[in-house]
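Indexing begins at 1, ligand by ligand and atom by atom, following the structure's order.
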Amino acid sequence: MLTADQKRCFEDEGYIILPDFKSASEISTLKTRANAIAAAHDFTANKEVFSTDRQRGPQEDRVQDYFLKSANEIKCFFEEKAFDADGNLVQPLEQSINKIGHAMHDLDPVFSKFSHGDKLAELAADVGLNQTQIWQSMYIFKQPRIGGQVDWHQDTGFFYTTPQSVTTFWFAIDDATLENGCIWVEPGGHKSPLRQRFIRDGRQTKLLDLDNMPWPDKSSAIPVEVKAGTLICFNGMLPHYSAPNTSDKARHAYTLHVTDAACEYALENWIQRSKDFPVRGFV
Ligand code: FE2
């Protein structure tokens, strides 16, 4: 699928941009399904918020349990700014959800169809993944006006393997622009050290600092503005970030985090699978 030049680009820069990887109809089918899941969310019972800041410290037991269960289920998380001081939604429910995670790719037929197939397997092989294992799916809404920032991070820290193999498949469901919070990357930054690891110990999770190398800033990072249907595929070591969405336009995206079964998947990673729910690949 990839040309020799594209493969070299992935190796040198740590990412590749593939416009029109998904058709308009595939995109709209996924978006419709995601909106339906969000609209059906029982927000009176579950008001759990997701923000990258909150992953740093201890959370309430109830919130932590909800987060841990989401590893192998389908759960909705709210934007940090979804509620007013009285706990009421400031926007309609469908415009308040931050993300859906983290196992739709295996549990929901519409998401499963989008997340599997020969085309993805072929691309994965071209970027060095031969025996794929899809550990996580996330549908990120980046809602108009309240869509939260995602701090600089490297996905390897969440899906640690020896040797490193995690690769991220980031699908633009809407056009992603500077205005609505497109992703920023540091070209070549995948050659820098792993700064942090997110680990699980029983019911506790924590972010461990490994290396004090500073995160990129606007002098070395670039925004990746892409059209809906584009796939950005990147090395798990590539530092990336996205700004808050202060515009009136949503910036939906869908991501898959994939490793190679030939590499050892760490037991401390927060997502684990059991024999009755085994991890699967693209085919
Ligand atoms: Fe990420």
Practice item. For the residue pair Thr3 and Asp5, confirm or rule out a side-chain donor-acceptor distance under 3.5 Å. Key: no

Review point. Can Ser219 and Asp217 be counted as having a side-chain donor-acceptor contact under 3.5 angstrom?
Key: yes

Exercise for review: Taking all non-hydrogen atoms of both residues into account, name the closest pair between Phe282 and His116 and its distance.
Suggested key: O-CB, 3.3 Å

Point to revise | Pair Asp155-His240, side-chain donor/acceptor within less than 3.5 Å | key: yes

**Study point:** Ser137 and His105 side chains, donor-acceptor separation under 3.5 Å
**Key:** yes

**Study point:** Exercise: identify the closest heavy-atom pair between Arg195 and Pro214
**Key:** NH2-O, 3.2 Å

Review point. For the Fe ion (ligand 1), how many protein N, O or S atoms come closer than 2.8 Å?
Key: 3

